[in-house]
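One structure is given below, encoded as structure tokens.
Order of the sequence lines fixes the chain letters, A, B, ..., with proteins taken first and strands second; residue numbering starts at 1 for each chain.
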Protein chains: 2
Amino acid sequence: MSTRAEQKLKTRQNILNAAVKVMNEDRGLAALSLREVAKEAGIAPTSFYRHFETLEDMGLELVKAASAALHQIIKDARLTQADSQQDMVQKVVHVTMDHFRENGPLIRVLAREAMGSSRILRRAIKKELQLIKNEITDLIAYESKKHQRNITDPELVADAILDVMFYTCVSAINMPYALQKDAERRLVHHIRAIYIGAETMANTLHIERQLMLS
Amino acid sequence: MSTRAEQKLKTRQNILNAAVKVMNEDRGLAALSLREVAKEAGIAPTSFYRHFETLEDMGLELVKAASAALHQIIKDARLTQADSQQDMVQKVVHVTMDHFRENGPLIRVLAREAMGSSRILRRAIKKELQLIKNEITDLIAYESKKHQRNITDPELVADAILDVMFYTCVSAINMPYALQKDAERRLVHHIRAIYIGAETMANTLHIERQLMLS
DNA sequence: TAATATAGCGCACAGATGTTAGCTAAAATG
DNA sequence: CATTTTAGCTAACATCTGTGCGCTATATTA
């Protein structure tokens, strides 16, 4: 029974939680103080080094955690089904915003550091978001085939949707409830526009090709 | 002849330039040191106070400058005309990315601080972007009327376009040229999708209304 | 020309920061 | 049970931070 490793994991998690907490009180990773994180985590400043080599190192761990949360969202989105009340887009958006609210602090860190100070972190985040994009691409391709809709370039659609969902949701989690609902409504509209636009473009292209052949 | 006021304005500008320079070497405003800015501007640390009360105060000035750059972009977009080589969207996107490249450092600061540490700055930036959005809304309404296209809700379209242009351009200005061109291509596609999507939705709604009335 | 205002400077202080070195209790290991 | 490993601590350092105080040169003003 490794009481020791257990405890180590626990304080490690304490450090990560502390960092997220402090960073959500208006700080980027670069403006973070090792001492403050340590204090918040309830350990001595020097003990931090028993777990991470540097703050940036710890930041990478946070990115990993946030990324896991995003992957979970997609997992849930896959299970989503349209019903009589709401169509697919509405439901997926709703599910997503719920997740964002739930993991708000963590994802906010991701969003902040995506344009933040550390080149290494930016790279890491970009890489993670690329993975997410691939998953969304698959999802869109699968769904559009399933419903026999014509999306010629699901990757472009996925790209657009990821961008817009990510930034809208991140900025929405600071808002009061009413404004959040409004953001959600606009987000649904936006995504639908992307979707329909891509489809219409695909069809137009299709018709153009037919005309050229005839 | 106010040699004095002139000089003051000059060092003030030096400070702002210094701040932008330092911030583009991987720092948020919060991670900025007054002393370093002063050194970069070529003045003593304490002289900073002759121009700004605090770093945040200076940040607000930077936001103002960046905002002016954005307004200039829209002014140029208004003058843009489609030609035989490129359609309107392509040209506007191109013009915009040029501007972003030109004012890259300044706009990057805006983008970073939009999710940055200072609540006051975030507010200010949000407000400026709102003004930009209004201008885009007008532009779209005007253009769609001029070309007799059917956009029921230009504000929603403007909203979507601003978001996607802003974040795409900001992330693009770090990229090598080839990738920038790719980003530009995707951006054009994305905006076109939004546009066509909104139009298609408007027409569908129109048809639905007609059906309901008949 | 005499008086005033001010942009700039150096000095100094108190506090915060990252990091090293060395100690200790207690868990893990043999 | 004896030994080793290690997560945690305190003390201490050199460095950097914002900022207050008082001086000076010089442009402006009366």
### Query
So, is Ser33(B) near the phosphate of dT17(D), with a side-chain N or O under 4.0 Å from OP1 or OP2?
yes
### Query
Going by modelled atom types, is there a donor-acceptor pair between the base of dT6(C) and the side chain of Arg4(B) at under 3.5 Å?
yes
### Whole-Å distance separating the NE2 atom of His51(A) from the C1' atom of dT19(C)
17 Å
### Message
Between Glu143(A) and Arg149(A), does any NZ, NE, NH1 or NH2 come within less than 4.0 Å of an OD or OE carboxylate oxygen?
### Response
no
### Query
When you match Thr11(B) and Leu34(A) each to their closest nucleotide on DNA chain C, which lands nearer the 5' end?
Thr11(B)
#### Entry: Selection from dG22(C), dT17(D), dG8(C) that lies nearest to any side-chain heavy atom of Arg50(A)
dG22(C)
### Task
Grab the CE-C1' distance between Met58(B) and dG18(D) for me, whole Å please.
14 Å
### Query
Please give, in whole Å, the distance from dA16(C) P to Leu55(A) CG?
18 Å
### Task
Would you check if the side chain of Ser67(B) reaches a backbone N or O of Val63(B) as a donor-acceptor pair within less than 3.5 Å?
no
### Message
Rounded to whole Å, how long is the line connecting atom CD1 of Ile43(A) with atom C1' of dT6(D)?
### Response
14 Å
### Query
Parallel, tilted or perpendicular: which describes the rings of Phe166(B) and Phe100(B), with under 30° parallel and over 60° perpendicular?
perpendicular
### Query
Where the side chain of Lys8(A) is concerned, which of dA27(D), dG18(C), dA7(D) is the nearest nucleotide?
dA7(D)
#### Entry: Distance in angstrom units between Glu53(B) CD and dG18(D) C1', rounded
14 Å
### Query
How many Å lie between CZ on Phe48(B) and P on dG20(D), as a whole number?
13 Å
### Message
Which nucleotide wins on minimum distance to the side chain of Arg35(A), given the candidates dG8(C), dC9(D), dT19(C)?
### Response
dT19(C)
### Query
Of Arg123(B), Glu56(B), Glu113(B), which meets side-chain hydrogen bond (donor to acceptor under 3.5 Å, both in side chains) against Ser118(B)?
Glu56(B)
#### Entry: Whole angstrom value for the distance that separates C1' of dT17(D) from NZ of Lys39(B)
13 Å
### Task
Between Pro45(A) and Pro45(B), just flag the one whose closest nucleotide in DNA chain C comes earlier from the 5' side.
Pro45(B)
### Query
Atom CD of Glu6(B) to atom P of dT28(D): distance rounded to whole Å?
9 Å
### Message
Is it the case that the side chain of Thr11(A) and the backbone of Asn14(A) share a donor-acceptor pair, with hydrogens and angles ignored and the cut-off at 3.5 Å?
### Response
no
### Query
Is the shortest side-chain N/O distance from Thr46(B) to OP1 or OP2 of dT19(D) below 4.0 Å?
no
